[in-house]
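The block underneath contains the structure these notes are about, expressed in structure tokens.
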Amino acid sequence: MCTMLWRGGWEESVWNSHNTSPIVRSLCRPRLRLQRRPKLPKVEPMPDVRVRFAPSPTGSLHVGGARTALFNWLYARHTSGKFVLRIEDTDKKRSTPEAVQVIFDGLKWLNIDWDEAPLFQSERLSAHKDAVAALLQNGSAYRCFCAPETIVADRQAAEKRGEGYSYPRTCLNLNEADIQAKLDAGEPYAVRFKIPEGVTEFNDAVLGLISTPNKDIDDFILLRRDGTPVYMVAVVADDAHQGVTHIIRGEDHTTNTPKQILLYQASGLPVPQFAHIPLILGPDKKRLSKRHGATSVLEYRADGILAEAMRNYLALLGWSPGDDREVMSLDELIAAFDLDRLNKSGAVFDETKLEWMNGQYISTLPIDVIWQNIEPHLTKALTEKNIPLPDAETGLQFAELYRERLRSFREAPQKLLLFFKDPSEYDEKTVRKRWKQDSPDHLRLLQQKLEELPNWDHDRLEELLNSLADRLGLGRSKLIHPLRLALTGGAASPGIFAVMVLLGKDCCLRRIRLALERIK
RNA sequence: GGCCUGUUCGUCUAGUGGUUAGGACGCCGGCCUCUCACGCCGGUAACACGGGUUCGAGUCCCGUACGGGUCACCA
């Protein structure tokens, strides 16, 4: 009863009614605390959501990154907020302009558009330096003159002892005079964040309340000896600069979050809402990586996966609409997407299901689009084999025939090859099953009839075969199967008459002749 | 190892104290049918384990096991 009232939209009257007995209230109220995740402080209309995708351009657009981008984008579109991009290219050694382009291409392919000009993190260098300077100024940070070599050695020693290492704060205890002296002597220094006492907490939209004692957080570096600010500074400064309200990112960032929150606080910046989404796993349940095979979205594009299918599949990894829908349009995804239905545990990337979904999308496509997608794959395969390309009209017929027989466009050439090359061998199992004693006679009869057929079209061919079967007193499949084997070399193909039309009269007769030679 | 965190069919998931634990992919069987594919129908298969709390636990609490993440003057 309680549930029904609670969900039925009458809770206003129930809660506000002075007649409601205290017993009913006390029975109902605990439900509020049984929420699995603490609810976010959700303001009803949220016109000012700003989310971002902040990849570092070091390689390709990984499916994990693509999903992160997608979730951010869906959330922005769902809330009528903004989705912005930031290219984290401060690591000059690893960042390339090509990789930036690859990210743009991948996002565009998936139809993930961004609302403002992308921010290149490297261009914000001076702002990041200023941010560190301000922290130094207000006492949240301090100069560290310790030699990196010493620290590395200490850390390794601690590791060897099986202990954790944290900076012993030697330089925090330096007095003004010491510091000034070192500065005057031109000693190089890094800047460290002075982690305050206490506990840092945040309410993650996915993980719930995360609480970290500050003593577990090291006085991490903000500014390197060479004067360049570190990632932690850059993200916080840039997220604040870009007005990001919700940070939806991979779970691998959870342990960074307390550090960043401390930085927000020390800098007097508002702390955004965090949502850490679980990672995408390989079949071995380990984080998906290159050794699992294709990990870049562009590889999937090259393999003949449709953007719609990839997007739909990705949306369902770690999120679900709450009902049984799976194949969903973009609009449906946008309408249904919300942070509170995000999952907590990692999801294995299942290529088989992706391909199934791709097949679903392929079969809804207009045939000219299907042909457009098949063509490059077919062209490549035929060119390698020195086989001339089909014209567009034939292509459309292929598309029609294979619309519901393809799960990815990559498999098209292999399936279509039968139209371009006479069988060089006949599937052994099928031969045993379909070529019987009287098959040669039947094939010869067919050959003869076909030769005389004036109009080579689907219905004439079917009539011809039907009447021959009648005359022989056979079921027509008794003729069709040996014929299919003769024409295609195998047991499976689209409808035999459609295949014959596409093959053409000469080709069919030739292949029957070849088969007859082979049967002997 | 410390810290964080997760665990429902093989896989993706639904599930917010009372369900024959639902759906999807895959697999198996059947129907349709000239085969394949599509489609339709049916089947297989799961609450990691152990303690609590409760009349009642997949759902709440504690522990164990196993998995993942993270521990840089990388991002």
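Order of the sequence lines fixes the chain letters, A, B, ..., with proteins taken first and strands second; residue numbering starts at 1 for each chain.
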Over all atoms of both residues, closest heavy-atom pair of A/Gly208 and A/Asn203: C-OD1, 3.5 Å
Scan the side chains in residues 315-323 of chain A for donor-acceptor partners under 3.5 Å anywhere in the protein, sequence neighbours excluded, and list what turns up.
unit_1   : atom_1 : unit_2   : atom_2 : d
A/Asp323 : OD1    : A/Arg325 : N      : 3.0
A/Asp323 : OD1    : A/Arg325 : NE     : 3.1
A/Asp323 : OD2    : A/Arg325 : NE     : 3.1
A/Asp323 : OD2    : A/Arg325 : NH2    : 3.2

In the strands shown, is [N] matched to any nucleotide by a Watson-Crick or G-U wobble pair with both distances under 3.5 Å, and which?
| N | answer |
| --- | --- |
| B/rC55 | B/rG18 |
| B/rC32 | none |
| B/rC27 | B/rG43 |
| B/rG67 | B/rU5 |

Distance check needed: [N] [atom2] versus [X] [atom1], whole Å only.
| X | N | atom1 | atom2 | result |
| --- | --- | --- | --- | --- |
| A/Arg67 | B/rC12 | CZ | P | 12 Å |
| A/Leu418 | B/rC36 | CG | P | 16 Å |
| A/Asn466 | B/rU33 | CG | P | 14 Å |
| A/Met328 | B/rA14 | CE | P | 13 Å |
| A/His481 | B/rC34 | NE2 | P | 8 Å |
| A/Gln414 | B/rC36 | CD | P | 17 Å |
| A/Leu342 | B/rG6 | CG | C1' | 14 Å |
| A/Leu468 | B/rC34 | CG | C1' | 14 Å |

Please check the phosphate of [N] (OP1 and OP2 only) for any side-chain N or O of [X] closer than 4.0 Å.
| X | N | value |
| --- | --- | --- |
| A/Arg405 | B/rC36 | no |
| A/Arg341 | B/rG15 | yes |
| A/Arg155 | B/rA72 | yes |
| A/Asn343 | B/rU7 | no |

How far does the [atom1] atom of [N] sit from the matching atom of [M], given to the nearest Å?
| N | M | atom1 | result |
| --- | --- | --- | --- |
| B/rU20 | B/rC61 | P | 25 Å |
| B/rA14 | B/rG6 | P | 15 Å |
| B/rU59 | B/rA21 | P | 14 Å |
| B/rG22 | B/rU64 | C1' | 31 Å |

Under 4.0 Å, heavy atoms only, any strand: does [X] hit a base, just the sugar-phosphate, or nothing?
| X | answer |
| --- | --- |
| A/Gly318 | sugar-phosphate |
| A/Ala491 | base |
| A/Gly164 | nothing |
| A/Gln121 | sugar-phosphate |
| A/Pro494 | base |

Between A/Trp319 and A/Ile496, which residue's closest nucleotide on RNA chain B lies nearer the 5′ terminus?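 Going by which nucleotide is closer to the 5' end, it is A/Trp319.
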Could you say whether A/Arg407 or A/Phe349 is positioned toward the 5' end of RNA chain B, judged by the nucleotide with the nearest heavy atom to each? A/Phe349
Near-strand residues of residues 351-367 of chain A, defined as heavy-atom separation under 4.0 angstrom from RNA chain B: A/Thr352, A/Lys353, A/Trp356, A/Gln360
Any side-chain donor paired with an acceptor under 3.5 Å for A/Glu201 and A/Ser211? yes
Scan side-chain atoms only and decide if A/Ser122 and A/Asp89 contain a donor-acceptor pair under the 3.5 Å cut-off. yes
Going by side chain to side chain contact (heavy atoms under 4.5 Å, CB included), name the residues that satisfy it together with A/Arg403, two or more places apart in sequence or in a different chain.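 Testing A/Arg403 for side chain to side chain contact (heavy atoms under 4.5 Å, CB included), a comparison that skips the adjacent residues, returns A/Ile367, A/Ile370.
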With sequence neighbours left out, what residues match A/Tyr165 under ring pair (Phe, Tyr, Trp, His ring centres under 6.0 Å)?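 Ring pair (Phe, Tyr, Trp, His ring centres under 6.0 Å) check on A/Tyr165 returns nothing, list empty.
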Which atom pairs, one a donor and one an acceptor, fall under 3.5 Å between side chains of residues 146-158 of chain A and the rest of the protein, sequence neighbours left out?
unit_1   : atom_1 : unit_2   : atom_2 : d
A/Thr150 : OG1    : A/Ala147 : O      : 3.3

Is a side-chain donor or acceptor of [X] paired with a backbone partner of [Y] at a separation under 3.5 angstrom?
| X | Y | value |
| --- | --- | --- |
| A/Asn358 | A/Ala309 | no |
| A/Asp218 | A/Tyr167 | yes |
| A/Lys285 | A/Gly282 | no |

Determine which pairs satisfy salt bridge (charged side-chain N to carboxylate O under 4.0 Å, His left out) with at least one residue from residues 251-261 of chain A, sequence neighbours left out, and list them in order. A/Asp252-A/Arg287
Would you kindly check whether a donor in the side chain of A/Arg484 faces an acceptor in the base of B/rC34, or vice versa, at under 3.5 angstrom?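 Looking at the base of B/rC34, it does pair with a donor or acceptor on the side chain of A/Arg484 (distance under 3.5 Å).
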Side chain of [X] (C-beta onward), nearest among [options]:
| X | options | value |
| --- | --- | --- |
| A/Ile210 | B/rU5, B/rA75, B/rC73 | B/rU5 |
| A/Lys344 | B/rG6, B/rA75, B/rC12 | B/rG6 |
| A/Asp216 | B/rC3, B/rC73, B/rU5 | B/rC3 |
| A/Ala190 | B/rA75, B/rU13, B/rC73 | B/rC73 |

Determine whether the aromatic ring centres of A/Tyr300 and A/Phe349 lie less than 6.0 Å apart.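 Between A/Phe349 and A/Tyr300, which both carry aromatic rings, the centre distance is below 6.0 Å.
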Check: protein-nucleotides 63-65 of chain B nitrogen or oxygen pairs below 3.5 Å:
none

For nucleotides 68-70 of chain B, tabulate all protein N/O to nucleotide N/O atom pairs closer than 3.5 Å, reporting atom names and distance.
unit_1 : atom_1 : unit_2   : atom_2 : d
B/rG68 : OP1    : A/Lys286 : NZ     : 2.0
B/rU70 : OP1    : A/Arg287 : NH1    : 2.9
B/rU70 : O2'    : A/Thr255 : OG1    : 3.0

By salt bridge (Lys or Arg N to Asp or Glu O under 4.0 Å) - contacts of [X] (at least two apart):
| X | answer |
| --- | --- |
| A/Lys129 | none |
| A/Glu462 | A/Arg476 |
| A/Asp91 | A/Arg94 |

Please work out which of the three classes, parallel, tilted or perpendicular, describes the rings of A/Phe398 and A/Phe419, given edges at 30° and 60°.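 If you compare the ring of A/Phe419 with that of A/Phe398, the planes turn out tilted.
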If you draw the axis of the six-membered ring of A/Tyr142, does the NZ or CZ of A/Lys194 fall within 45° of it and under 6.0 Å from the ring centre?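 Judged by the rule, A/Lys194 and A/Tyr142 form no cation-pi pair.
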Close N or O pairs between protein and nucleotides 46-48 of chain B (under 3.5 Å):
none

